[in-house]
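Beneath this line is the structure, given in structure tokens, with notes to follow.
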Amino acid sequence: MTTKEEWIEKDLKYVWHPDTQMKQYEGSDFKPTIIERGEGVYLYDIDGNQYIDGISSWWVNTLGHSNPKLNKVLTQQTEKIEHVLLADFTHKPAIELAEKLVKLAGEPFSKVFYSDDGSTAVEVAIKMAYQYWYQKGKPEKKHFVSMTESYHGDTLGSVSVGGIDIYKKIFNPLVFETLKVCAPYCYRCPKNCKQGECGIECFNEVEKLFKTRHKEIAAMIVEPLVQGAAGMRVYPAEYLKKLRALCDKYDILLIDDEVAMAFGRTGKYFAFEHAEIKPDIFCVAKGITAGYIPLAATITTDKIYNAFYDDFSQLKTFYHGHSFTGNPIACAIAVENLKIMEEEKIIENLQPKIKKLKECLEKFQTLKHVGDIRHIGMIGAIEIVKNKTTKEPYLFTERIGHKVFREAMKNGALLRPIGNIIYFLPPLIITEEEIEKLTEIAYNAIKTVTEKN
Ligand SMILES: *Cc1c(COP(=O)(O)O)cnc(C)c1O
């Protein structure tokens, strides 16, 4: 029998892990954890150790691991058909899912374009917006605006609109240029406003930019309400409301990257609902199959769609399609996911959990090295700082978040951090007791690590 040590040795011999400095495992007792199974909010490793999943695997799981209802649909669909090409052919799960998504999003949404993951959904949105203006006879509207510290995926188009150095800096010569506006990062406000008492002064930058350059701008892309990969930076819904109005004023498309936020994460199906706006194009991926299989969708309106509709005379076709576009197994699971969300009132039942998470987060305030506490819906984040008064951060090389993560693993919680930010983004089916347990492990881990360092 292959032992755990042999599995790990083989892993490190053959697997190049994502977002990972592989040398950290050399000569260290820290190794990748081999997960063997999951049930509900829990994961179990090869030794049978249990971990409460604090970050929904990688922000994808919503209805718990190895969900019996979803497992059943997966088997049933696999026995019928595993793949259908989506050009000149179609299948019931793709049709059902598109109808459900359009109805959930409400008017004016009318069309669903499938792809494989968050990055491709963003690529589709960018190309759609670009080709839209080209075909509307305004090819000069070709620039994209996004926020500093934004994250929209790891493929080159999505990196272009991204703004986080570690993902982008090296590739700057390869990506297309974009226009940047400062992110609404309330804890370290770019305009030095007092948290919670601002008039969204940072938005003035967008106003200035649109006013001077709107004739060349195709679209602005945003992560709605939360800049996730930047460290779960929550910003006011009012920002999105203002942005929608400004986009209308200057005839600029609004692309809403809901990849991490859709399907209940913020307490509503879509984050744009908090701002009571509708974007022109929005992208969904992470929660769409409840974490089962890669699938994504870029959803838009007739206004966009009609600009691509012609009789071949003008070559308006949208030439974009991935091999696995609208995969039937993935679509069938997504349909079941949405059915369960509706039948089991997943969103409605979130309210007491959201309240519990908020309460549990408040306790972190007493810790000496907790700088900021952020919360929206089923997301909570703790920014750890060296000095609470000056907000001086720990250095990247101090790996403080990583130390907290390792300490929490020892105590049965998976809390893989973003730099110095420890965050909670649990499956939506987590109970209030489990929220208490998860946050308590995190509290103790932060206390142990920071008061020692
Ligand atoms: C994760 C993420 C993406 C990229 O999705 P992948 O499935 O990893 O390609 C895009 N946008 C946002 C906001 C994300 O959080």
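Both counts, for ligands and for their atoms, begin at 1 and track the order of listing. These numbers come from a predicted model, not from an experiment.
Below 4.0 Å from some heavy atom of His152 lie the following atoms of ligand 1, by number and element: 10 (C), 11 (N). Against a heavy-atom cut-off of under 4.0 Å, Glu223 is close to the following atoms of ligand 1: 13 (C). Within ligand 1, counting atoms from 1 as listed, the ones closer than 4.0 Å to a heavy atom of Gly153 are 4 (C), 10 (C). Close approach of ligand 1 to Gly118 is summarised as follows: ligand atoms under 4.0 Å from at least one heavy atom of the residue are 4 (C), 5 (O), 6 (P), 7 (O), 9 (O). Which parts of ligand 1 touch Asp117 is read off a 4.0 Å heavy-atom cut-off, strictly below it: atoms 7 (O), 9 (O). The contact set between ligand 1 and Asp257, taken as ligand atoms under 4.0 Å from a residue heavy atom, comprises 10 (C), 11 (N), 12 (C), 13 (C).
Comment: Lys141 does not engage Glu216 in a salt bridge, judged by the lack of any side-chain N to carboxylate O separation of less than 4.0 angstrom.
Heavy atoms of Trp59 come nearer than 4.0 angstrom to ligand 1 in at least one pair. Ligand 1 has at least one atom lying under 4.0 Å from a heavy atom of Lys286.
Side-chain atoms of Leu209 and Glu205, non-hydrogen and from C-beta on, never get closer than 4.5 Å to each other. Contact annotation: the side chain of Val84 never approaches that of Thr90 to less than 4.5 Å [non-hydrogen atoms, C-beta and beyond].
Regarding atom 3 (C) of ligand 1, its nearest protein heavy-atom neighbour is Val259 CG1, 3.6 Å.
Taking the centre of each ring, Tyr42 and His65 stay at or above the 6.0 Å mark.
Relative ring orientation between His369 and Tyr394 is described as tilted, the plane-to-plane angle lying within the 30° to 60° band. Under the 30°/60° scheme for interplanar angles, the aromatic rings of Tyr235 and Tyr239 are found to stand perpendicular.
Residue-to-ligand polar distances keep Ala285 apart from ligand 1: every N/O pair is separated by 3.5 Å or more.
When Ala260, Ser158, Ser119, Ser150 are checked for heavy-atom proximity to atom 4 (C) of ligand 1, Ser119 turns out nearest.
At least one cation-pi condition fails for Lys286 and Phe263: the charged atom is not both under 6.0 angstrom from the six-membered ring centre and inside a 45 degree cone around its axis.
Rounding to the nearest 0.5 Å gives a distance of 10.5 Å between CG of Leu240 and CZ of Arg244.
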